[in-house]
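What follows is a short report on a single structure.
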Amino acid sequence: TDPLWHAGAYYVQEASSMFLQTIIDQLADTTKYYKVLDLCAAPGGKTTLLANAFKNGLVVANETIKSRNAILEENSIRWGSDHIVVTQNDPSHFKALPNFFDFIIADAPCSGSGLFRKDPQAIQEWSLENVLHCSQRQERIIEESLTALQEGGYYIYSTCSYSFEEDEKIMDYIASIQGMQSVTMKLPEATGIVVTESPIHKAAGYRFYPNKIKGEGFFVAVFQKQ
């Protein structure tokens, strides 16, 4: 493998996931000090992106699962930024830091249908039961982490799933929580990104399909805590 990669000169990240940078560009003045939580951070692609975007801030990279946490730690060390803190906590533990973070990024565990094109294993592991299980887990992750977001702060929710139960249904769940307001992003022209809407609260989300963009399947939505 490339010695430059081992030296932390670059990180190979999936193209759709890098839309996170577009979101940050529209919401943050990155010359300022921000406290950012990457809630489900392993293997660390978004953590490295956040560390680069918020050079003057604090990036807390959290991963609950011990084996995945080791990969996150390794990638964070390789990246070499001294403002990343790696934690291994359940989302509920962050209730101990009420109104603390300016941004929370929840790239939630999901059923993985957005990875079907590149990963045949994802097809084998997919089931309707798993979609519903993931949807319930996603609601729990959101509910237990929202306390840590300060008023005026942004909650960025994403999955690599196409399922309504993990995307639009979760947008409605977030929008139903008092004070959580959907935030619309400006999209670059002719991107192929599909704008979607949750049925009840009309929250805005963004779907990425491999046949329309140069990237894998992805979904993202942004909310602000009022």
Quick one: does any side-chain atom of [X] pair with a main-chain N or O of [Y] as donor and acceptor, under 3.5 Å?
{"X": "R207", "Y": "F219", "answer": "no"}
{"X": "S161", "Y": "C110", "answer": "no"}
{"X": "H83", "Y": "A51", "answer": "yes"}
{"X": "S198", "Y": "A203", "answer": "yes"}

Can you run down the side chain to side chain donor-acceptor pair (under 3.5 Å) pairs that involve residues 183-193, sequence neighbours left out, and say none if there aren't any?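 Every candidate side chain to side chain donor-acceptor pair (under 3.5 Å) pair involving residues 183-193 fails, so no pair, neighbours aside, qualifies.
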
Interatomic distance, Q136 atom CD to R140 atom CZ [nearest 0.5 angstrom]: 11.5 Å

For the atom pair CH2 (W79) and OG1 (T48), what is the distance rounded to the nearest 0.5 Å? 5.0 Å

Taking CD in E151 as the centre, count heavy atoms belonging to other residues, nucleotides or ligands within less than 6.0 Å. Is the count above 12? no

Does Y206 reach the side chain of L187, with side-chain heavy atoms less than 4.5 Å apart?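 Yes, at least one pair of side-chain atoms sits under 4.5 Å.
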
What residues, two or more places apart in sequence or in another chain, satisfy side-chain contact (heavy atoms from CB on, under 4.5 Å) together with [X]?
{"X": "L128", "result": "W126"}
{"X": "A28", "result": "I24, T30, Y34, F54, F103"}
{"X": "I200", "result": "D172"}

State yes or no: are the ring centers of F19 and F208 separated by less than 6.0 Å? yes

If you apply the rule salt bridge (Lys or Arg N to Asp or Glu O under 4.0 Å), what do you find for E63 with R68, and how did you get there? CA-CA 7 Å; E63 176 56 51; R68 287 173 60 78; 3.8 Å; yes

Does K118 come within less than 4.0 Å of E14, counting only side-chain N to carboxylate O?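 No salt bridge links K118 with E14.
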
Under 4.0 Å between a Lys/Arg side-chain N and an Asp/Glu carboxylate O for D38 and K46?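 Between K46 and D38 there is no salt bridge, as every charged N stays at least 4.0 Å from the carboxylate O atoms.
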
Pair [X], [Y]: side-chain N/O donor-acceptor within cut-off below 3.5 Å:
{"X": "S111", "Y": "N130", "result": "no"}
{"X": "D2", "Y": "Y10", "result": "yes"}
{"X": "D102", "Y": "Q150", "result": "yes"}
{"X": "Q138", "Y": "E166", "result": "yes"}
{"X": "T159", "Y": "D167", "result": "yes"}

Anything under 3.5 Å between a donor and an acceptor, one on a side chain of residues 92-101, the other on a protein residue two or more places apart or in another chain? List them.
| from | atom 1 | to | atom 2 | distance (Å) |
| --- | --- | --- | --- | --- |
| S92 | OG | D90 | OD2 | 2.6 |
| H93 | ND1 | N89 | ND2 | 2.9 |
| H93 | ND1 | D90 | N | 3.4 |

Stepwise, does the side chain to side chain contact (heavy atoms under 4.5 Å, CB included) test hold for N56 with K32? CA-CA 6 Å; N56 299 323; K32 294 180 179 172; over 6 Å; no

Taking ring-ring contact (aromatic ring centres under 6.0 Å, His included) as the cut-off, I'd like each qualifying pair that reaches into residues 159-180, sequence neighbours left out, listed once.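 Residue pairs with at least one partner in residues 159-180: Y162-Y209.
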
